[in-house]
Participant: 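Attaching a single structure in structure tokens format; questions to follow.
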There are 2 protein chains.
Amino acid sequence: MPDGQRAVTITEVATRAGVSISTASKALNGRGQLRDETRERVFAAANELGYQPNALARSLVQRRSFTVGLLSTESADRFNIPLHMGIENELGAGRVSVFLCDGRADPLRERFYLDSLLSRRVDGIVVTGVRTDARPPLSNVPLPVPVVYAYSCSADPSDLSVLPDDEHGGRLAAEHLLSAGWRTFAHITGPMDFAAVRDRLAGFRATLADAGLELPDRRVYSGPWRESFGRDAAADLLDRHPEVDAVFCGSDQVARGVLDILRERGRRVPEDVGVVGFDNWGVLTEDSRPPLTSVDMNLQELGALAARRLLSMIEGHRESGLIRHPCRLEVRASGGAPAPRGPGGIGPVG
Amino acid sequence: MPDGQRAVTITEVATRAGVSISTASKALNGRGQLRDETRERVFAAANELGYQPNALARSLVQRRSFTVGLLSTESADRFNIPLHMGIENELGAGRVSVFLCDGRADPLRERFYLDSLLSRRVDGIVVTGVRTDARPPLSNVPLPVPVVYAYSCSADPSDLSVLPDDEHGGRLAAEHLLSAGWRTFAHITGPMDFAAVRDRLAGFRATLADAGLELPDRRVYSGPWRESFGRDAAADLLDRHPEVDAVFCGSDQVARGVLDILRERGRRVPEDVGVVGFDNWGVLTEDSRPPLTSVDMNLQELGALAARRLLSMIEGHRESGLIRHPCRLEVRASGGAPAPRGPGGIGPVG
DNA sequence: CATGGTAAGGAAAAGCCTTTCCGTAGTCTG
DNA sequence: CAGACTACGGAAAGGCTTTTCCTTACCATG
């Protein structure tokens, strides 16, 4: 307190309004049976004094702090931006404040933060990550507060985890490319030890299969999540499988590399080849040539969903298991234009 | 509390250790005069019970919550990632927890969050933004807690603001390009109503002037912070001023567009032209062709610096004014290789 | 033996709020 | 007019710590 000025307490408000402390409390919180006139007098006094109730004292007596911990496993990643926005926004609307903790994938740090949050008596914790693969739960012993894992998955099935539906994302990409008339597909994606990579591929393949098409392994490239890998893979693809007319990329970074190589090799997108990315990351998708059609994981919605569930758990509802939140396709130019549909289904165009 | 389990209090620890509450408190906090044996007994009891002191109660009596509010003005932006990491990390090391509040450039939201933070009795507030231009202070009335503006600048000079030294960034870019032997410069950057844009240009020009070179306005392009603008500007530049051999870009996004056009027009980087970007944003710089040399604003350090200052202010030190934190050049390939220096100064190479 | 110093630890207040319980006054019912 | 409500508002407990001030007991000193 730089100016040594004490914050005004409810006692002062009560005195000024000429009522007891308890009456002031009731008036301010809309409880008890009070005359309207009394309430107004208290409110007036509070306003004049600029009264701000001390949340610390309130939490102490209510045994509810209206705070939650946001514990990000991996170091603050770009995925966490929309996710955290969704969480913070949803909680803030419910007057719940958020403690930010960056675990940096370090179990020791995570433990430290967990203790700190517990000590601050948070009402709940949301653990965020950047991978959908199962991770060890926050604690082996049952915690005194509910926990939800968002874009992160607890290995303990009795925990609640909320993940994007990567398989659905793969299906969306396939449906879009199919409806644009492409028929010979390739997939350039991230490392296969990511569950997300496998799920996206599975969804993509399943939808292709439904259309009687297949994606052989030789046209699936797996490598690091980098633009340069997109370029290398695309170059190899054009050499070995020039017949490919559509590429589904596991990330927008990869897609950018793919786009560059296609361009350099004289393959026009989307006239000759269709391309779909994943992540819908504005910086990469909006100004690429052509603008990149991409699967959006709705991370902000996902965060909001996780927050709502946590709130519900704090209310006492028990929740567990895995929730998969659907993806969405942001259509720009690179995937090609959907062919007009005949009355009988997907319009088959060569 | 899902299991209705009450947290263990210091009373239980004291009872178990066979001492009074105050003795337990002293033992746990390393205060007072206690026999070592007594201390150990208390610690043992605390461990066995899994005691976690209630930070709420502690804050109440100590009048210090060991929390600070992190109020981001603009919606969670990518710049905020390293900035927030720096802040959170520095504060966390000092056992201070961070409340995350996303103001979204909405004064009403900001007001709401400010009240919320004050009510929670934070010890201080750091306001983050994404522009260096002066903004109205958080509040017109003096606040009961210290505030520091990080990558954000209060219009009130009695506030403390911490900003990157954009002018220094411009100078770094110029020095690098000069030492690589380039002599005819252009600048493609963001909107001129950004103070950062003007500062970077000023620093760049000043260093050029020191070397007896100038950058005429006709070779300065100002436009939106977009890759597509980088492309458009580069195309125009090549048409009108083909003699230019070095381009300093106001952001990495712009630089990416510039690199693409140079490449397409057959100008090799860095053999024929040198390019330097700004922001050192990994996704864009590391995998571009060639990898992009870029000015790094040291945002993480900047955040840590702001946090340290805030901590100091919380300790009672008064601080105000503007701190400019230096930039740093991340040298990759695009700027060209510094020419070997002769004994007489910068080596002049065509 | 009176005095004083010191080490060890306890009692109680303070920090600020909510909530339960109770008293008072007024109104209604039979 | 007795008895039963209702509306209003106050007193006090409770939530968990820290900290200040005391009380003991012990030892040394003159």
Side-chain angles (χ1 to χ4, degrees), chain A residues 1 4-43 45-46 49-67 95 118-123 144, chain B residues 1 4-43 45-46 49-67 95 118-123 144:
Chain A
M1 300 279 165
Q5 54 202 350
R6 305 171 74 53
V8 7
T9 75
I10 200 173
T11 308
E12 301 168 53
V13 175
T15 305
R16 185 177 186 107
V19 297
S20 74
I21 296 177
S22 47
T23 302
S25 172
K26 284 173 201 157
L28 259 13
N29 295 301
R31 278 189 235 295
Q33 317 218 60
L34 272 55
R35 253 177 308 161
D36 284 350
E37 190 268 332
T38 310
R39 280 190 204 284
E40 281 159 21
R41 215 151 26 116
V42 174
F43 272 115
L49 261 35
Y51 172 67
Q52 288 273 20
N54 185 324
L56 263 23
R58 172 183 290 191
S59 301
L60 192 56
V61 59
Q62 289 190 150
R63 268 115 160 228
R64 174 106 152 70
S65 65
F66 287 90
T67 59
R95 316 226 132 210
L118 257 22
S119 167
R120 292 194 186 280
R121 300 298 189 263
V122 292
D123 298 329
Chain B
M1 300 281 163
Q5 55 202 356
R6 303 170 77 50
V8 7
T9 73
I10 200 172
T11 308
E12 301 168 53
V13 174
T15 306
R16 184 177 187 109
V19 297
S20 74
I21 296 178
S22 44
T23 301
S25 172
K26 284 173 201 156
L28 261 13
N29 295 300
R31 280 190 235 294
Q33 320 218 58
L34 272 53
R35 254 180 307 162
D36 284 350
E37 189 269 331
T38 310
R39 280 189 205 284
E40 281 159 22
R41 214 154 23 119
V42 173
F43 274 115
L49 262 33
Y51 172 68
Q52 286 272 23
N54 185 325
L56 263 23
R58 174 185 294 200
S59 300
L60 192 57
V61 59
Q62 289 192 150
R63 269 120 158 219
R64 176 105 149 70
S65 64
F66 288 90
T67 60
R95 317 226 133 210
L118 258 21
S119 168
R120 293 197 185 279
R121 300 297 189 263
V122 293
D123 298 330

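Treat the numbers as computed from the prediction; the structure is a model and nothing was measured. Each chain gets a letter, A, B and so on, in the order the sequences are listed, and its residues count up from 1. These values consider heavy atoms only, across backbone and side chains, with no hydrogens, waters or symmetry-generated copies.
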Participant: Describe the nucleic acid contact of A:Ser59 in one word from base, sugar-phosphate, nothing, applying a heavy-atom distance below 4.0 Å.
Facilitator: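 Contact class for A:Ser59: none.
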Participant: Write down the distance between CD (B:Glu12) and P (D:dT17), rounded to a whole number of angstrom.
Facilitator: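 Going from B:Glu12 (CD) to D:dT17 (P), I get 9 Å.
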Participant: Write down the distance between CZ (A:Arg64) and P (D:dG15), rounded to a whole number of angstrom.
Facilitator: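 These atoms are roughly 19 Å apart.
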Participant: Would you please confirm or rule out a distance under 4.0 Å between OP1 or OP2 of D:dT17 and any side-chain N or O of B:Ser25?
Facilitator: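 No.
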Participant: Describe the nucleic acid contact of B:Thr9 in one word from base, sugar-phosphate, nothing, applying a heavy-atom distance below 4.0 Å.
Facilitator: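 Touches sugar-phosphate only.
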Participant: Can you tell me if B:Ser20 touches the phosphate of C:dG10, counting only side-chain N or O atoms and a distance under 4.0 Å to OP1 or OP2?
Facilitator: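 Yes, B:Ser20 has a side-chain N/O under 4.0 Å of OP1/OP2 on C:dG10.
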Participant: Look at A:Asn54 and C:dG15 and indicate whether a side-chain polar atom (N or O) is within less than 4.0 Å of OP1 or OP2.
Facilitator: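 Answer is no, no contact under 4.0 Å.
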Participant: Heavy atoms from C-beta onward define the side chain here; which of D:dG15, C:dA14, C:dT20 lies closest to that of A:Lys26?
Facilitator: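 Within the option list, the nearest is C:dT20.
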Participant: Quick check on C:dT19: is either OP1 or OP2 less than 4.0 Å from any side-chain nitrogen or oxygen of A:Arg31?
Facilitator: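 Yes, A:Arg31 has a side-chain N/O under 4.0 Å of OP1/OP2 on C:dT19.
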Participant: Quickly work out the A:Gln62 CD to C:dC16 P distance and round it to whole Å.
Facilitator: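 So the CD-P distance, A:Gln62 to C:dC16, works out to 17 Å.
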Participant: Any base atoms under 4.0 Å from A:Leu56, or only sugar-phosphate, or nothing? Heavy atoms, all strands.
Facilitator: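 Nothing: the residue A:Leu56, judged by heavy atoms under 4.0 Å, touches no strand.
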Participant: Should A:Asn54 and A:Thr9 count as side-chain neighbours, where that means a heavy-atom distance under 4.5 Å?
Facilitator: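 They are not in contact (no side-chain heavy atoms under 4.5 Å apart), so the answer is no.
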Participant: Under 4.0 Å, heavy atoms only, any strand: does A:Leu34 hit a base, just the sugar-phosphate, or nothing?
Facilitator: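 Sugar-phosphate contact only.
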Participant: Between C:dG10, D:dG15, C:dA7, which nucleotide gets closest to the side-chain atoms of B:Gln33?
Facilitator: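 Nearest listed nucleotide: C:dA7.
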Participant: For residues A:Tyr51 and A:Val8, report the shortest heavy-atom separation together with the two atoms involved.
Facilitator: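 That would be CD1-O, 3.3 Å.
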Participant: Is there a side-chain polar atom (N or O) of A:Tyr51 under 4.0 Å from OP1 or OP2 of C:dC16?
Facilitator: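 Checking A:Tyr51 against C:dC16: no side-chain N or O falls below 4.0 Å of OP1 or OP2.
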Participant: Find the distance A:Arg39:CZ to D:dC8:P and express it as a whole number of Å.
Facilitator: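 Between P of D:dC8 and CZ of A:Arg39: 9 Å.
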Participant: Nearest 0.5 Å, what's the CZ-CD distance between A:Arg35 and A:Glu40?
Facilitator: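 With rounding to 0.5 Å, CZ (A:Arg35) is 11.0 Å from CD (A:Glu40).
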Participant: Hey, which sits more toward the 5' end of DNA chain C by its nearest nucleotide, A:Thr11 or B:Arg35?
Facilitator: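 By nearest-heavy-atom nucleotide position, the 5'-most residue is B:Arg35.
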Participant: Side chain of B:Thr15, backbone of B:Thr11: donor and acceptor closer than 3.5 Å?
Facilitator: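 Here the side-chain-to-backbone pair exists.
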Participant: For A:Asn29 and D:dG9, give me the distance from atom CG to atom P, rounded to whole Å.
Facilitator: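 Atom CG in A:Asn29 sits about 16 Å away from atom P in D:dG9.
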Participant: For B:Ile21 and C:dA12, what is the distance between atoms CD1 and P respectively, to the nearest whole Å?
Facilitator: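 Atom-to-atom, B:Ile21 to C:dA12, this comes out as 11 Å.
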Participant: Is the shortest side-chain N to carboxylate O distance from B:Arg16 to B:Glu12 below 4.0 Å?
Facilitator: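 Between B:Glu12 and B:Arg16 there is no salt bridge, as every charged N stays at least 4.0 Å from the carboxylate O atoms.
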Participant: B:Ile10 CD1 to D:dT18 C1': how many Å, rounded?
Facilitator: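 Spelled out: CD1 on B:Ile10 to C1' on D:dT18 is 8 Å.
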Participant: Does the A:Arg120 side chain pair with the main chain of B:Ala55, one donor and one acceptor, at a distance under 3.5 Å?
Facilitator: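 No, the answer is negative, given that no donor and acceptor are paired below the 3.5 Å cut-off.
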Participant: Between atom CZ in B:Arg58 and atom P in D:dT17, what is the gap in whole Å?
Facilitator: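 Roughly 9 Å, once rounded to whole Å.
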Participant: With a 3.5 Å cut-off and heavy atoms only, can you find an N or O donor on one side and an acceptor on the other between the side chain of A:Ser22 and the base of D:dA11?
Facilitator: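 Between D:dA11 and A:Ser22, which were checked side chain against base, a qualifying N/O pair under 3.5 Å is present.
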